[in-house]
Asker: 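Handing you a structure now.
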Amino acid sequence: MNNNLIDTAETVTGFTGVRACELWKHDDLSHPNSDWLAEEVPVALVYNGISHVVMMATPKDLELFALGFSLSEGIIDAPRDIYGMDIVKSCNGIEVQIELSSRRFMGLKERRRALAGRTGCGVCGVEQLNDIGRPVTPLPFTQTFNLNHLDSVVSQLRSVQPIGQITGCTHAAAWLNPQGDMLGGHEDIGRHVALDKLMGRRARENWHDGAVLVSSRASYEMVQKSALCGVEILIAVSAATTLAVEVAQRCNLTLVGFAKQGRATVYTHPQRLISA
């Protein structure tokens with residue numbers, strides 16, 4: 001590869017998260033072209049000096065990612081539980097160094113200690129297996145959303161995917177108010193990370209009324225993360241899994257899939273939705 005073609009795109013496009021590359025098209029393998037790829041880097045979330053998790057993510061909006069992850073994983077109850085945050089680049093990736101309150105850090109240590117020594121299946125991590133059965137407080141029924149707004153908001157998802165428009169390589173998560181307006185959204189190569197970034201933004205902006213729209217399928221962890229953040233309505237562009245439906249049913253979350261032009265499939269708790 002010609003290294004002259006590799007460059008961060010911030011000076012070219014005005015944002016980070018994409019890099020130029022050299023490639024060949026199937027109809028002309030003798031002449032290379034330049035194109036863009038979405039960046040994928042290891043991002044370590046470090047709480048009070050202890051590394052908790054490493055995620056592969058797009059290196060943008062990382063403070064929102066760390067805040068949203070902390071909320072959606074039940075590490076904190078509110079943004080005030082985080083006293084400080086620093087983004088530190090390393091030779092192998094990026095560290096987000098988070099200073100937790102003493103109370104929340106003690107809770108995190110107890111959680112990690114409780115997981116130590118348990119046996120996993122060898123396929124999923126021990127923490128992932130344990131989290132599937134994590135109890136989620138049942139959600140109240142305070143929100144409504146008119147499904148007639150879906151056609152316009154689904155078509156707007158690309159507006160919050162500048163990297164996706166260039167590379168075709170990102171998922172998006174957006175917040176919709178009850179009037180069907182898209183208040184904001186975030187993208188990432190990982191659908192969970194995109195959702196975490198949105199949950200961080202939602203907490204900072206104090207958005208409460210409305211629903212989440214994601215460009216991906218609805219897996220159980222998308223449902224669980226939403227519910228732990230108090231989201232009552234989750235709308236996915238693609239399908240839902242059986243476990244996602246089970247978790248949504250149990251925690252009173254309204255789950256909608258196949259949100260496309262002129263259609264939607266409601267899996268759980270349709271009483272929050274309006275179709276007239």
Side-chain angles (χ1 to χ4, degrees), residues 61 63-74 76-82 136-161 171-188 191-216 218 221-237 240 244-245 247-261 263-276:
D61 303 322
E63 288 192 2
L64 293 178
F65 165 49
L67 174 57
F69 179 91
S70 302
L71 289 165
S72 70
E73 294 294 319
I76 63 174
D77 292 327
R80 63 177 177 273
D81 292 326
I82 292 180
V136 179
T137 302
L139 295 162
F141 286 83
T142 66
Q143 300 299 305
T144 60
F145 188 79
N146 193 321
L147 292 178
N148 291 320
H149 296 319
L150 281 182
D151 282 0
S152 63
V153 293
V154 169
S155 65
Q156 295 176 47
L157 262 181
R158 285 181 59 81
S159 69
V160 298
Q161 294 175 273
H171 285 294
W175 184 256
L176 315 177
N177 69 13
Q179 291 74 45
D181 302 315
M182 186 179 291
L183 299 187
H186 292 273
E187 66 177 335
D188 199 273
R191 63 187 189 276
H192 316 100
V193 180
L195 180 60
D196 282 332
K197 289 177 179 180
L198 178 67
M199 292 298 95
R201 173 83 174 279
R202 175 176 177 258
R204 284 194 176 177
E205 300 287 351
N206 199 28
W207 294 332
H208 180 264
D209 295 335
V212 168
L213 173 64
V214 296
S215 65
S216 65
E221 58 266 60
M222 301 291 277
V223 170
Q224 185 164 276
K225 282 176 174 290
S226 298
L228 282 169
C229 289
V231 173
E232 296 183 29
I233 304 171
L234 174 63
I235 304 169
V237 168
V245 173
V247 173
Q249 184 67 47
R250 188 165 62 241
C251 68
N252 292 346
L253 181 138
T254 296
L255 180 59
V256 181
F258 292 113
K260 302 181 186 298
Q261 296 289 320
R263 64 176 291 197
T265 300
V266 182
Y267 295 101
T268 58
H269 304 292
Q271 57 267 48
R272 291 191 180 93
L273 302 174
I274 302 166
S275 60

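Computed from heavy atoms alone, side chains included, the values below leave out hydrogens, waters and symmetry copies. Computed from a predicted structure; not experimentally measured.
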Asker: With distance as the sole test, does Gln143 use its side chain to make a donor-acceptor pair with the main-chain N or O of Glu232 at under 3.5 Å?
Answerer: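 No, because the side chain of Gln143 does not come within donor-acceptor range (under 3.5 Å) of the backbone of Glu232.
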Asker: Tell me, with the steps shown, if Leu139 and Arg272 meet side-chain contact (heavy atoms from CB on, under 4.5 Å).
Answerer: CA-CA 12 Å; Leu139 295 162; Arg272 291 191 180 93; 4.1 Å; yes
Asker: Of the non-hydrogen atoms in Ala244 and Ala218, which two are nearest, and what is the gap between them?
Answerer: CB-O, 3.2 Å
Asker: Measure across Ala264 and Leu150 and return the closest heavy-atom pair with its distance rounded to 0.1 Å.
Answerer: CB-CD1, 3.9 Å
Asker: Indicate the atoms forming the closest heavy-atom contact of Val153 with Gly180, along with that distance.
Answerer: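 Here Val153 and Gly180 meet closest at CG1-O, 2.9 Å.
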Asker: Locate the shortest heavy-atom distance separating Leu157 from Ala174; write the atom from each residue and the value.
Answerer: CD2-CB, 4.1 Å
Asker: Using the ring-ring contact (aromatic ring centres under 6.0 Å, His included) criterion, which residues pair with His149? Sequence neighbours excluded.
Answerer: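 Result, ring-ring contact (aromatic ring centres under 6.0 Å, His included) vs His149: Phe145.
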Asker: Are side-chain heavy atoms of Trp175 and Val231 found at a separation under 4.5 Å?
Answerer: yes
Asker: Output the distance between atom CG (Leu253) and atom CG (Leu234), rounded to the nearest 0.5 Å.
Answerer: 6.0 Å
Asker: Side-chain contact test, heavy atoms from C-beta onward, threshold under 4.5 Å: evaluate it for Glu73 versus Leu228 and give yes or no.
Answerer: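 With C-beta onward as the side chain, the pair stays apart.
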Asker: Do Glu187 and Lys197 come within less than 4.5 Å of each other through their side chains, counting heavy atoms only?
Answerer: no
Asker: Scan Lys225, Glu221, His192 and name whichever one has a side-chain hydrogen bond (donor to acceptor under 3.5 Å, both in side chains) with Ser72.
Answerer: Lys225
Asker: Just wondering, do Thr142 and Asp209 contact through their side chains at under 4.5 Å, heavy atoms?
Answerer: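 No, too far: nothing below the 4.5 Å cut-off.
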Asker: Do Arg250 and Val223 have side chains that approach each other closer than 4.5 Å (heavy atoms only, starting at C-beta)?
Answerer: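 Arg250 does not reach Val223 side chain to side chain.
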Asker: If you count heavy atoms of other groups shown closer than 6.0 angstrom to CZ of Arg80, is the number above 12?
Answerer: no
Asker: Do you know which two heavy atoms are closest between Ser216 and Met222, and how far apart they sit?
Answerer: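 Heavy atoms only, the tightest pair is OG-CE, 3.8 Å.
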Asker: Measure the CG-CG distance between Asp188 and Leu198 for me, rounded to the nearest 0.5 Å.
Answerer: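 The distance works out to 12.5 Å.
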Asker: Tell me every residue that passes salt bridge (charged side-chain N to carboxylate O under 4.0 Å, His left out) with Arg158, counting only those two or more places apart in sequence or in another chain.
Answerer: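 Result, salt bridge (charged side-chain N to carboxylate O under 4.0 Å, His left out) vs Arg158: none returned.
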Asker: Treating Ser215 as the side-chain partner and Ala172 as the backbone partner, does any N or O pair qualify as donor plus acceptor under 3.5 Å?
Answerer: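 Such a contact is found between Ser215 side chain and Ala172 backbone.
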Asker: Measure across Gly200 and Leu67 and return the closest heavy-atom pair with its distance rounded to 0.1 Å.
Answerer: O-CD2, 3.5 Å
Asker: Can you tell me how far the CG atom of Leu176 sits from the CD1 atom of Ile233, to the nearest 0.5 Å?
Answerer: 9.5 Å
Asker: Measuring from His171:NE2 to Leu195:CG, what's the distance to the nearest 0.5 Å?
Answerer: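 The NE2 atom of His171 sits 12.0 Å away from the CG atom of Leu195.
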Asker: Side-chain contact, heavy-atom cut-off 4.5 Å: His269 with Gln249?
Answerer: yes
Asker: Please identify which of these residues, Ser226, Cys229, Ser70, meets the side chain to side chain contact (heavy atoms under 4.5 Å, CB included) condition with Met199.
Answerer: Cys229
Asker: What is the distance from atom OG1 of Thr254 to atom CD1 of Ile235, rounded to the nearest 0.5 Å?
Answerer: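 Reported to 0.5 Å precision, the distance equals 9.5 Å.
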Asker: Is there a ring-ring contact (aromatic ring centres under 6.0 Å, His included) between Phe65 and His186? Walk through the geometry before answering.
Answerer: CA-CA 10 Å; Phe65 165 49; His186 292 273; over 10 Å; no
Asker: State, with a plain yes or no, whether a side-chain heavy atom of Arg204 is found less than 4.5 Å away from one of Leu64.
Answerer: yes
Asker: When rounded to the nearest 0.5 angstrom, what distance separates CG in Leu255 from OG1 in Thr268?
Answerer: 5.0 Å
